[in-house]
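Side-chain atoms are counted along with the backbone in the values below, which use heavy atoms only and exclude waters and symmetry mates. Lettering of chains follows the sequences in order, A, B, ..., and the numbering in each one begins at 1. From a predicted model like this one, the values you see are computed outputs, not experimental measurements.
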Amino acid sequence: MPSVQQAVLSRDALQALLDHLKERGYRVLGPTLRDQAIVYDDIDGVGDLPEGWTDSQDGGRYRLEKRDDAALFGYTVGPQSWKRFLHRPAIRLWSAKREGEDVNVTTEPAPGTPCAFIGVRSCELHAIAIQDRVLLGGNYVDPHYQARREGAFIVAVNCSVAGGTCFCVSMHTGPKADSGFDLALTELMGDGEHRFLVETGTDLGAEVLAALPHRPAKDADIDAARAVIANTAANMGRTMQADDVPELLMRNLKHPRWDDVAQRCLACANCTMVCPTCFCTTVDQTSDLTGAASAAWRRWDSCFTTDFTYIHGGSVRTSTQSRYRQWMTHKLATWVDQFGSSGCVGCGRCITWCPVGIDITEEVQAIRESEPQ
Amino acid sequence: MTDTTTEDLARILKEHPFFKGMPEAFCDLIRDCATIEQFEAGAYVFHEGDPANHFYLLRHGKVALEIKAPERGSLAVQTVRAGEILGVSWLVPPYRLTCDAKAVELTRTITVNAACLREKCDEDHDFGYEMMQRFMPIMVQRLNATRLQLLDVYGTKA
Amino acid sequence: MAPKPEAQSTGTAGDIMVPRVARVRHSQLDGPDTWTLDLDDETFSAGSYVPGQFNMMMAFGVGEVPISMSGDPSKPNLVHTVRAVGAVSAALTQLKPGDVLGLRGPFGVGWPIAEMDGRDVVIVAGGVGLAPLRSLIYHLFNERERYGDIAILYGTRSPNDILYHDELESWRGRFDLEVDVTVDHTTSPWHGHVGVVTTLIPHATFDPLNTIALTCGPEIMMRFTIAALQDAGVADEAIYLSMERSMKCAVGFCGHCQFGPVFVCRDGPVFRYDRVRDLLPLKEL
């Protein structure tokens, strides 16, 4: 494990970081404002970051609000996660062409530009690690995910605010970024100096840091960063008693609460789209009118769709109740059997982006409280 | 029909799975109402609508329970094989048989006179209870099996 | 700021999602809407799969479906039996000798052959469920001396629906095993058994304390078969079933085939009963 270096970057040095990564050939992606939300997209410089903005989140509610300072990372997470770059929404798997009596199958070319992610939160680092386990850690490896993942440079940011639907503390996934990054930043606004305490996580991170203007970290900087993170941890919007949730849910598969949530759930699949760990996909073939050329496309899918479980003649999970139960028990319970950890990182997106505000922490609590003895 | 001595009949009866664990006295009661019969392949053991005055313990062979439909001929709905029981309607009013029973191959039975047995059940309720205990599981199993047949599980759905 | 165009999609040779091309050598009708395809596949050889495993069979331009291997595992022929129940399977059953198709696999956990050594074997198949078991049956014949009593019990809808009809008759003629067939319905003259396949179990010869029982067919049929096997004294740990769920990838990535905590494609399709015992009765799991 490489030794951790700590240093302090100025706001200008942050721009230097983005420039340096571009020079190294990375496509630089980070948070930016669009359509009244903070999304992840290509950024040219610090000017593209949502300076002075924060978000206000609750069940079924997301609003941007102005801060009274110029913080660059003073918000939590928006509707998107980094999975849209690593485990992409739609890719072609192969194409095929009929030539006489034969069919020739062509695979896709190797990846182009590697990505640098700026502003990855601790919950997101855990989500990436969870997807690593699913897509790289079994008997089979997804080469598309692998190619994007192996080249990625990660600049994490420790949250200075806690979101209204955040519960990373309950899920042991934050707010401090512990591992899985090349560099980690904590934004500090106090003492009249807008600066970033930076921590290296890898040799590559150290190499990049060496190329940037920086000063040594003083005890005051380190203490300030610690205080910011402690403050975030103390202000989580939600909590979940998480350690016994797998057993709790699996022994309550017939609990009436599932009917209750089914009355509210629209099966709109928003939660699966915004969730940073949901990985389900489907594969469809397309062909031209003559049938001579065909291709297979892999797209994001959701266990909430009515034909997710379709086999010859019907679907296994037809009711909304069974589909909600599948999503929640997979995320919080059977994921542990399959991959050795919970599938939930406590980011709160599913709560925020549910049109009717269904709250996974509330559902767990409801089952816990009314469990038949 | 073959002539059989009482001892032979008693021995043959006790070999049949239906009698497993039955008290000696009850075996004798049934033996007194029982004879050995044989049906050639294609012969009918009984017809739909006949009074249910017998039940049959199959020793050998196979009997198909059939129901007639004018435009479809005779439809076999179940087969009964050696070791099993044919005829449960003798226990239940109006004591009438509800389908045809045709021997599909050479079949030998222990034929029990049910009218005779019904009287004995009335006289000795312990014996009546023993009969109920042995026939109820057969009826329940047949009901469950029939339900599965009805589900048409192998059919391709539209 | 306008997003930059996406780089060309990534991929490499050795991607398990890319099909290889195979050719139909021979096809035959083995049941209603049910065809057995004998395939020419360069990467395939004898012993390259375990009975009970499956390939994803692909009709180019239509899609792919999971189909178990149905051939003799000791032979170099790749054989699959496909029943036309949807667009993809219908397209596959229409393939003629010389036509090409796509293949991915083999995938999954097969029948527990090692467990069967020295034991009696009871096979209970329903409908087209006989196809994934036929591969195992060929193996049992190839190594007959390793096993005790063998009983093959087959149930299907009607006499016309009997899969591998002539082959079943020839198996029945062997002296070293028991074959019993029954149908749910009959309209034509039929001198065989009429009744559900579970009724065959009490009449089969096997030692329930030293038996491995294997079943494949519609899930309802398998559940009741398992109950009948339990009634006959077979332990849960000696019963195996082959399950089926929607599959898009067959390698545990797409998520479609999940059944509680297990992925049918990767942890199955063959499961020992005690592993799924508590899951099977749950509605819409």
Side-chain angles (χ1 to χ4, degrees), chain B residues 16-18 20 39-44 58-86 99-107 137-158, chain C residues 31-34 82-86 89-90 93 125-131 154-163 180-205 215-225 227-228 231 244:
Chain B
H16 194 280
F18 179 76
K20 188 167 174 206
F39 298 89
E40 301 298 319
Y44 277 85
L58 264 59
R59 296 178 59 214
H60 172 92
K62 187 156 65 208
V63 173
L65 295 173
E66 293 176 347
I67 298 184
K68 288 187 292 286
E71 69 288 358
R72 293 164 71 188
S74 278
L75 306 167
V77 293
Q78 195 168 59
T79 51
V80 180
R81 56 202 285 184
E84 297 178 346
I85 303 287
L86 180 65
C99 51
D100 297 335
K102 183 173 83 179
V104 177
E105 52 195 59
L106 177 73
T107 299
I138 296 168
M139 290 169 172
V140 169
Q141 269 164 38
R142 293 231 170 123
L143 176 62
N144 287 336
T146 306
R147 282 175 171 157
L148 293 181
Q149 281 171 268
L150 277 176
L151 275 178
D152 201 18
V153 294
Y154 305 117
T156 43
K157 290 156 207 158
Chain C
D33 297 329
T34 309
V82 184
R83 184 169 73 164
V85 294
S89 49
T93 56
V128 75
L130 182 55
Y154 180 61
T156 191
R157 189 181 193 202
S158 77
N160 291 337
D161 290 284
I162 293 175
L163 185 63
D180 225 350
V181 174
T182 186
V183 296
D184 278 358
H185 311 286
T186 177
T187 50
S188 45
W190 164 256
H191 298 273
H193 296 296
V194 179
V196 287
V197 69
T198 50
T199 58
L200 303 178
I201 293 169
H203 296 272
T205 305
T215 181
C216 184
E219 203 163 299
I220 305 176
M221 169 249 162
M222 290 198 295
R223 284 209 313 274
F224 286 101
T225 294
D231 289 344
E244 207 183 343

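From H193(C), atom NE2 reaches atom CZ of R81(B) across 3.5 Å, with rounding to the nearest 0.5 Å. Separation of atoms CD (Q78(B)) and CG (D184(C)) is listed at 11.0 Å; rounding is to 0.5 Å. The OH atom of Y154(B) lies 10.5 Å from the CG atom of D161(C); values are rounded to the nearest 0.5 Å. In this structure, CG on D152(B) lies 10.0 Å from CD1 on I220(C), to the nearest 0.5 angstrom.
Nearest heavy atom pair, residue V153(B) against residue P218(C), reads O-CG, 3.5 Å.
Of the listed residues (P32(C), G129(C), G192(C), G86(C)), the one with the most heavy-atom contacts under 4.5 Å to chain B is G192(C).
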List the steps, then state whether side chain to side chain contact (heavy atoms under 4.5 Å, CB included) holds for Q149(B) with V194(C). CA-CA 9 Å; Q149(B) 281 171 268; V194(C) 179; 4.1 Å; yes
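With sequence neighbours excluded, no residue satisfies ring-ring contact (aromatic ring centres under 6.0 Å, His included) with F39(B).
Only the backbone of A82(B) comes within contact range of chain C, with at least one heavy atom under 4.5 Å from a heavy atom of that chain. In this structure, no portion of L65(B) lies under 4.5 Å from any heavy atom of chain C. Neither the backbone nor the side chain of Q141(B) comes within contact range of chain C, judged by heavy atoms closer than 4.5 Å. If you measure heavy-atom distances from A64(B) to chain C, you find no contacts under 4.5 Å at all.
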